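Below is one structure, written out as structure tokens; the observations come after it.
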Amino acid sequence: MNTATHSKPLLETKGLKKYFKIRKNVNLHAVDGIDLELYPGETLGVVGESGCGKSTLGRTIIKLLEPTGGSILFNGKDITNYSVNQMRPLRREMQIIFQDPYSSIDPRKSVIEIISEYSFIHKMYSSKAQTFSKAVEMMELVGLAKRYANSYPHELDGGRRQRIGIARALSLNPKFIVCDEPVSALDVSVQAQNLNLLMDLQDNFSLAYIFITHDLSVVKHISDIIMVMYLGKCVETAPSDELFINPLHPYTQALLAAIPKPDITMRNKEFQLIEGEVTSPINMKPGCRFASRCPHVMDICSQEDPEFLEAAPGHRVACFLVNDK
Amino acid sequence: MKNNENGSDAILYKKENQFKEIWRRFRKSKGAVIGLILFIVIAGGLLAADLIVPYEKAVSQNFGARLAPPSMEYPFGTDGYGRDAFARLLHGGRTSLSIALLATFSSAIIGSSLGAIAGFFGGKVDNLIMRSLDIFMSVPDILFTMAVVYALGPSFTNLLIALTLAYFTNYVRLVRSQVLNLAEQDYVEAARAGGAKNARIIISHIIPNAIGVIIVNTTLNVAKIILYESTLSFLGLGMPPPHPEWGLMLAEAREFMRTAPWLMFFPSAAIVFTAASINLIGDGMRDALDPHLKS
Ligand SMILES: Nc1ncnc2c1ncn2[C@@H]1O[C@H](COP(=O)(O)OP(=O)(O)OP(=O)(O)O)[C@@H](O)[C@H]1O
Ligand code: SF4
Ligand SMILES: [Mg+2]
């Protein structure tokens, strides 16, 4: 968790874009120019409302989706245009835990089959028996009782199913995992357990995470750096503590205000997220994407794109309010 | 794998043989077992037809005994030419059932493969397959089949070809939509994230999840094809007479519906029982393949 000791980022994206073609000449800008850096063993939290492109970002980074533009560097190698075959060996190093613990595991496979699948694909072990016993080790590692080995997913609850997904991702010994809202589908009590599990695993295996969530309170403790996304763009990045103490972008401020507090009156009424329309990422007009909902909107905001500039060391914001001072 | 002291490994590697497991679940369903027994009785009877009653009796005409009602000598009566309806039912069933099963099988295989390819690969391949299919489907089934049989001449093989061509289109659409749906599932993406190749994804994830619907559809089609054969026979495009066949028997019986209703009754009952037994087996298979219903 100390940036200084690692000079080189494990993962870097520059101007990464992913557009979905809706119709002829109509593109949905799900991810629209994201720059990020992730150092070994660190966690980058990615926060934003539903539909802002978080999952698309996560999937594009590990090339489950083909990027539309920009570049991805992994371990210093430019993998932006790697083919499926070129990516295959890299799958051992970069993994993903999916958002939905129900649809992300095959309902017709037993737990042990699901967890051992990746090892079979990469011929990690010399025999079937060895592969299975490694899979059982994985189960123990994520706190799944051995007796579930021959169970089918529908026999387990959401928390345990999510652990199957975690064990599967870990089975290849990756260095980097995209955690796509790994707890948001779970009950609150189970959320904490699984979050702790992910943090323990990170310490034990020095994993780097991109931790996606729509809930700022979830990433506070797990992240080193937090990136706030709005409609495909990054609006603010800052070290976790800094972001919570000194949020600069009006959207970040609104997100923070929306975190439930014990005392209702402490909420900042000015920044209720419900107001205003969410601009659709389909026909992008120039100007700040948050303008339609921003309480501080100015004339310039709808004319030009605010630049993404450093406001304090390691703290970057895209907002005229901050950058024009 | 050796058992270790606490025996826990024994549980883990015991994973039953797939077929044994499926069979165990299949047996649990009463309907499926009844269907299977019924089917074995019917198929066994048809296979042993020569031992039960000689083929001669199915085709030799006895004008002295035309339209005789069921009796000891003729258990299911005789038809308009005085032929033994029982012998015709047994020997004709062999033809009907083998054509129906073969046509179902070949149309399912061809149609499912095309549908799976179209759905999985999408894009140009999909377009090519689906546009060609549209051409096929723009001609009504019956006209199409008639044209094929008429062009090739009525015979077992040609009937098989015609029926396969008439029925494979159903599977293309069915399987394509299944595969399109399944290919979008997160677990397929998860397999990709693990580096799985297309072949593995299709064999290990898509087929097992699509197979239930295909099986049920296939078993329903057996009955439809037997009935379709009778339509063809009625139009004079079925198996050439005097060789017996269930569809042909039904077609011929229409003429005597009032005077000799048993001629209609027995082939109908044979078709209904055969179809029902196959449907029951299909339902049982679908459930047996679904781990959700394991217990
Ligand atoms: N395959 C696709 N084709 C077209 N549009 C897509 C596709 N996948 C995602 N989108 C669109 O891209 C945008 C971003 O979707 P994405 O799933 O990345 O959002 P998200 O931030 O992960 O949301 P959530 O919190 O709901 O998971 C949405 O508007 C979505 O409708
Ligand atoms: S640039 Fe303007 S509209 Fe956008 S967040 Fe800043 S003040 Fe609000
Ligand atoms: Mg998402």
Side-chain angles (χ1 to χ4, degrees), chain A residues 55 59 62-65 84-85 87-92 94-114 117-122 127-130 132-133 135-136 139 145-155 165 168-169 171-172 174 177-178 180, chain B residues 1-4 6-18 20-22 24-25 121-123 178 181-213 215 286-295:
Chain A
S55 297
R59 288 172 187 202
I62 60 169
K63 296 252 306 160
L64 287 176
L65 294 171
V84 174
N85 288 332
M87 280 306 293
R88 193 162 294 121
L90 283 176
R91 298 280 169 223
R92 292 176 67 156
M94 44 167 71
Q95 272 303 321
I96 180 165
I97 297 167
F98 288 89
Q99 182 164 4
D100 183 347
Y102 292 88
S103 68
S104 61
I105 52 186
D106 189 335
R108 286 176 194 256
K109 297 273 184 287
S110 65
V111 173
I112 192 124
E113 285 172 320
I114 296 163
E117 180 177 16
Y118 291 3
S119 310
F120 279 118
I121 292 172
H122 292 271
S127 69
K128 206 170 172 173
Q130 200 188 359
F132 280 147
S133 66
V136 174
M139 290 182 68
K146 274 185 190 179
R147 69 193 142 90
Y148 293 124
N150 288 322
S151 302
Y152 285 89
H154 71 273
E155 297 166 309
R168 173 173 63 185
S171 66
L172 293 175
I177 301 181
V178 173
D180 189 356
Chain B
M1 198 65 200
K2 279 178 264 104
N3 287 357
N4 59 15
N6 57 22
S8 60
D9 278 358
I11 313 171
L12 298 177
Y13 304 123
K14 200 184 68 187
K15 174 87 191 170
E16 279 173 82
N17 174 312
Q18 288 279 343
K20 249 189 183 163
E21 169 85 352
I22 291 169
R24 196 179 59 75
R25 283 188 238 155
F121 293 102
Q178 279 277 311
N181 178 348
L182 292 173
E184 267 186 14
Q185 298 292 312
D186 281 352
Y187 57 78
V188 168
E189 190 155 38
R192 289 222 163 83
K197 295 185 181 161
N198 284 341
R200 178 186 200 84
I201 291 173
I202 293 176
I203 293 169
S204 166
H205 297 289
I206 305 245
I207 293 179
N209 281 288
I211 199 81
V213 179
I215 287 182
R286 179 197 51 200
D287 293 349
L289 288 168
D290 189 349
H292 281 84
L293 299 162
K294 188 185 92 161
S295 61

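In what follows, every chain begins at residue 1, and chains take the letters A, B, ... in the order their sequences are listed. Please read all numbers here as calculations on a predicted model, not as lab measurements.
For A/Tyr102, no part sits under 4.5 Å from any heavy atom of chain B, backbone or side chain. Residue contact with chain A, scored on non-hydrogen atoms closer than 4.5 Å, is absent for B/Leu182.
Options A/His122, A/Arg91, A/Gln95, A/Arg168 differ in how many heavy-atom pairs under 4.5 Å they form with chain B, and the most are formed by A/Arg91. Ranking A/Ile105, A/Ile121, A/Asp106 against chain B, the residue ahead of the rest is A/Asp106, based on heavy-atom pairs under 4.5 Å.
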Per-pair distances, 0.1 Å, donor-acceptor, side chain in residues 187-198 of chain B, under 3.5 Å, sequence neighbours excluded:
unit_1   : atom_1 : unit_2   : atom_2 : d
B/Tyr187 : OH     : B/Asn209 : ND2    : 3.3
B/Glu189 : OE1    : A/Arg59  : NH1    : 2.5

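Of the N and O atoms on the side chains of A/Ser55 and A/Asp180, at least one donor lies less than 3.5 Å from an acceptor on the other residue.
The minimum heavy-atom distance linking B/Pro208 with B/Ile211 is given by the pair O-CG2, 3.5 Å.
Residues A/Lys109 and A/Glu117 are not paired through a salt bridge, judged by the lack of any N-O separation under 4.0 Å between the basic side chain and the carboxylate.
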